[in-house]
Amino acid sequence: MSLEDIQTELKRHSDPAHAAALQRFFKTAPGQYGAGDVFRGIRVPAIRAIARKYRHTGLADIEALQHSRFHEDRLLALLLLVARYQTSETAAQQQIYRMYCNNLRWINNWDLVDASAPYIVGHHLYARGKKPLRKWLRSKNLWERRIAVMAGFYFIRQNRFDVTFAAASVLLDDPEDLIHKAVGWMLREIGKRDRAALEAFLRSHYDRMPRTMLRYAIEKFPEALRRRYLRGEIA
């Protein structure tokens, strides 16, 4: 199965009307976070089905897809890369991680980050140190910061919360709402596993948190407790 076969399949699933809707949803107008991105108009279940069909695609073709101007092509490339990573031995995983890091400029919207960072970056760095995450957290690039946040999801699933708490501390003053949402989401995931750990962190930081970050973090709290946090009544 060649790259040409994959591109033919992608074209077959394209829908111009849905593409227009996606371009609005993913904020592609000038000055917005997804400015300039182009969509084919393919729904995510169809992209995942194509990923399953072409799961044996080689890395060179995956990288070519990742460089496509079409958003769905890049999402497909990342889904293929995640699947390849999850079924590979250590040496191949290292190659895939390097390929991921070498192509960060094409991982340029929140869905692309969220579909890949926990499963490649998070998994790879879990036993190898967090230095790349610390670098990305301070990047001027929104998507690199979100990668650092979302990589922490893998750590959370192993009941390690230090990566997310460190990221939240660094990003309290981040200007981007997409970062506030991602950090709040990861804090909420910690709360599902250990509410006491989350509350200990919140007591020291909630009064500095952007409102969106706090709302996401406490979304699953009992209503009365949630209101106390929102009113600033937690000592």
Side-chain angles (χ1 to χ4, degrees), residues 1-87 96 99-100 102-122 141-147 149-151 153 175-186 188-189 212 215-216 219:
M1 294 180 179
S2 67
L3 179 60
E4 185 177 331
D5 294 329
I6 296 173
Q7 290 171 332
T8 298
E9 186 104 8
L10 289 165
K11 290 175 184 176
R12 187 169 64 83
H13 284 85
S14 297
D15 178 347
H18 189 52
L22 289 173
Q23 299 215 181
R24 291 190 296 272
F25 180 74
F26 283 100
K27 309 296 185 186
T28 63
Q32 295 182 314
Y33 63 72
D37 207 351
V38 179
F39 286 78
R40 292 184 184 274
I42 308 174
R43 299 180 188 277
V44 172
I47 297 172
R48 291 191 177 277
I50 295 169
R52 290 191 295 272
K53 180 176 179 179
Y54 293 94
R55 62 188 180 278
H56 299 301
T57 302
L59 290 181
D61 284 344
I62 292 174
E63 190 167 36
L65 276 173
Q66 196 168 358
H67 295 178
S68 172
R69 70 189 184 98
F70 291 108
H71 185 102
E72 293 93 338
D73 298 24
R74 301 196 302 279
L75 177 57
L76 174 60
L78 289 167
L79 294 175
L80 290 168
L81 206 60
V82 167
R84 176 66 65 89
Y85 183 92
Q86 292 175 334
T87 58
I96 291 166
M99 178 176 156
Y100 187 93
N102 289 338
N103 288 283
L104 292 181
R105 62 176 291 191
W106 288 281
I107 306 171
N108 57 353
N109 216 312
W110 57 263
D111 63 322
L112 306 180
V113 172
D114 298 358
S116 60
Y119 312 104
I120 296 177
V121 176
N141 184 286
L142 162 63
W143 308 120
E144 291 183 7
R145 299 199 304 280
R146 186 155 176 134
I147 286 169
V149 173
M150 293 306 301
F153 205 171
E176 296 287 350
D177 190 60
L178 284 172
I179 296 297
H180 305 168
K181 290 177 179 178
V183 173
W185 172 18
M186 292 301 99
R188 185 176 70 222
E189 291 297 326
T212 297
R215 286 184 179 278
Y216 270 59
E219 184 178 9

D5 versus S2, side-chain donor and acceptor atoms under 3.5 Å: yes
Under the side-chain hydrogen bond (donor to acceptor under 3.5 Å, both in side chains) test, residues paired with R69 that sit two or more places apart: none
side-chain hydrogen bond (donor to acceptor under 3.5 Å, both in side chains) against N103, all qualifying residues, sequence neighbours excluded: E63, H67
Test salt bridge (charged side-chain N to carboxylate O under 4.0 Å, His left out) applied to R188 - qualifying residues, sequence neighbours left out: E219
Side chain to side chain contact (heavy atoms under 4.5 Å, CB included) against S14, all qualifying residues, sequence neighbours excluded: R40, I42
Nearest-0.5 Å distance that lies between atom CG in N109 and atom CG in L22: 10.5 Å
Step-by-step side chain to side chain contact (heavy atoms under 4.5 Å, CB included) determination, Y33 to L142: CA-CA 9 Å; Y33 63 72; L142 162 63; 4.2 Å; yes
N108 and R74 side chains, donor-acceptor separation under 3.5 Å: yes
Distance in Å, L59 CG paired with T57 OG1, rounded so as to fall on 0.5 Å steps: 10.0 Å
Partner residues of R12 under the side chain to side chain contact (heavy atoms under 4.5 Å, CB included) criterion, sequence neighbours left out: E9
Atom of A115, atom of L79 and distance for their closest heavy-atom approach: CB-CD2, 4.3 Å
Closest approach of I107 to S116 (non-hydrogen atoms, all atoms of both residues): CG2-OG, 4.4 Å
Closest non-hydrogen atom pair, P175 against R145: CD-NH2, 4.5 Å
For F26, ring-ring contact (aromatic ring centres under 6.0 Å, His included) partners two or more places apart: F39, H71, W110
Side-chain heavy-atom pair L178, W143 within 4.5 angstrom cut-off: yes
Those residues that, when tested against F153, pass ring-ring contact (aromatic ring centres under 6.0 Å, His included) (two or more places apart): W185
Any Y100 side-chain heavy atom under 4.5 Å of L81 side chain: yes
G41 backbone acceptor or donor facing E72 side chain under 3.5 Å: yes
From E189 atom CD to M186 atom CE, the distance as rounded to the nearest 0.5 Å: 5.5 Å
Point-to-point distance, once rounded to the nearest 0.5 Å, from NE2 of H13 to CD1 of I47: 9.5 Å
Sub-4.5 Å side-chain heavy-atom contact between K11 and T8: no
Minimum heavy-atom distance between A64 and L3, given as atom pair plus value: CB-CD2, 3.7 Å
Exercise: identify the closest heavy-atom pair between L80 and A51: CD2-O, 3.4 Å
Contacts of type side chain to side chain contact (heavy atoms under 4.5 Å, CB included), residue A77, not counting sequence neighbours: I62, L65, Q66
Distance (rounded to the nearest 0.5 Å) between L10 CG and I50 CD1: 4.5 Å
Residues in side chain to side chain contact (heavy atoms under 4.5 Å, CB included) contact with Q32, at least two apart in sequence or another chain: K27, A29
Those residues that, when tested against Q86, pass side-chain hydrogen bond (donor to acceptor under 3.5 Å, both in side chains) (two or more places apart): none
Contacts of R146 that satisfy side-chain hydrogen bond (donor to acceptor under 3.5 Å, both in side chains) - sequence neighbours left out: D114
Test salt bridge (charged side-chain N to carboxylate O under 4.0 Å, His left out) applied to E144 - qualifying residues, sequence neighbours left out: none
Nearest atoms (heavy-atom pairs only) where A117 meets I147: CB-O, 3.9 Å
